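Remarks on the structure that follows.
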Amino acid sequence: MLIKSEVSALDRRRPDIDLHDMIREMFPINRSLTGAGARKTLAIVADHIDLAIHEVESGTAVLDWHVPMEWNIRGATIRTLDGRSLVDFADHNLHVLGYSKPVHGVFSRAELARHVHTLPDQPDLIPYRTGYYADDWGFCLPDRLWQSMTDEAYRVDIDSDIAPGSMTYGEFFVPGETKSEVLITCHVCHPSLANDNLSGIAIMTALAMRRAEREGRLGYRFLFLPATIGAIAWLARNEAMVDRIAHGLVLTCLGDGGPFHYKQSRKGATIDRAVAHVLKHAGEPHEVMPFNPYGYDERQFCSPGFDLPVGCLMRGVHGTFPEYHTSADNLDFVKPEALDRSYAVLETLLELLDGNCTYQRVDGRGEPQLGRRGLYRAIAGQREAGGATQMDLLWFLNLADGRHSLLDMAIRADVPFARLEAAARLALDADLVRPVAAA
Ligand code: ZN
């Protein structure tokens, strides 16, 4: 049962930047696993936070993988033999298969067909395709356009290069009072796709800005990574410190207006219970899904040898919404209200993780007398500010046995975490409890 003040508390958590504006700024840039677009995108993030930019040389061995050659592209067209441009990378960067090698020549329609990707079921949309490790080239275009191209041959030009260079990723760390860390990641390798994953980049930037101005119990590490190879490279380079990661979350597809979906960590962890708790009390429709070894970078963080407590928060689930990996995942598809709401849920979650302490009663026998300590009066005052109820305080004092964290208590009492936190403050002020351990 939701109380109105709880929902409005969530509404008060607003990002410090206009998320949709930031997405609009990043949208036209051609991103890939490597190359100038990724650097340009990270430079935009670095306008807001003190981002460390890491370059990992092409060919570097990382776990079972190698960092790929760097891909850059300046232009690409399909033209009629009399010079009329039909498909131009300058119009939309989805038009070129990611990692296309350079090509210049005349190809028969039949030859070209082997390099053309369309969506016959969505004939007006351009699909998003990559050929990272394929040594190939290709074009993506609306099926309706391709069906209208009936010449025997076309002039094809792709002005690109695949050459030794480096792969770029961004990292921002806000230290906490303890060694424990929260890991938040998103991917930065998709070209003009707004929900997948510019929504993640913008929301993560806003979360990082907020954490940077707060002192917390936990450290917060934000990683802006090229998908898969970026996560693998980060794990390979940071193997010695991964045991500090107490909670982790991959952010993606958070700007569409659909319900939230949370994919649990492989091992089952506090983060899973925390996200489910926040979503439930945010009054947002949502679904919790079990771990599987497909999807985003949670599959790397939850891989054998690491098995970190990392889940994935999204609204639309990859592969299941019609705009996914098409030109319809555009600036109209992501909604400012949905972005702001996703931010508020995540900000609430980070505050929960930071405040999730365990307490023990100073005198752990029986129920303490509240009236003598002025606690009934204190509760009445707090209620006006949306704080703890008498029942919340009774739950807290009952479960403050050194074995239940505040999150355990909030779940058991089925009330928002913030109310158990408020109850804890009252009890601390009355010297009824002491903190015992970090959760
Ligand atoms: Zn994607």
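Because the structure is predicted, anything quoted here is derived from the model rather than measured. Start at 1 and go down the list; that is how both ligands and their atoms are numbered.
For the residue pair Gly230 and Met167, the shortest heavy atom distance occurs at CA-CE, 4.0 Å.
Tested against Phe107, the residues Trp137, Phe139, Tyr154 include a single ring-ring contact (aromatic ring centres under 6.0 Å, His included) partner, Trp137.
Listing protein N, O or S atoms at distances below 2.8 Å from the Zn ion (ligand 1), with waters left out, gives His190 NE2, Asp196 OD2, His325 NE2.
Partners of Asp272 according to the salt bridge (charged side-chain N to carboxylate O under 4.0 Å, His left out) rule, which considers only residues two or more places apart in sequence or in another chain, do not exist here. Applying the side-chain hydrogen bond (donor to acceptor under 3.5 Å, both in side chains) test to Tyr343 and every residue at least two apart in sequence or in another chain returns nothing. Shown here are the ring-ring contact (aromatic ring centres under 6.0 Å, His included) partners of His117, two or more places apart in sequence or in another chain: there are none.
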Quick one, Tyr169 with His54, criterion ring pair (Phe, Tyr, Trp, His ring centres under 6.0 Å). Give me CA distance, side-chain angles, the key distance, then yes/no.
CA-CA 5 Å; Tyr169 69 87; His54 300 279; 4.7 Å; yes
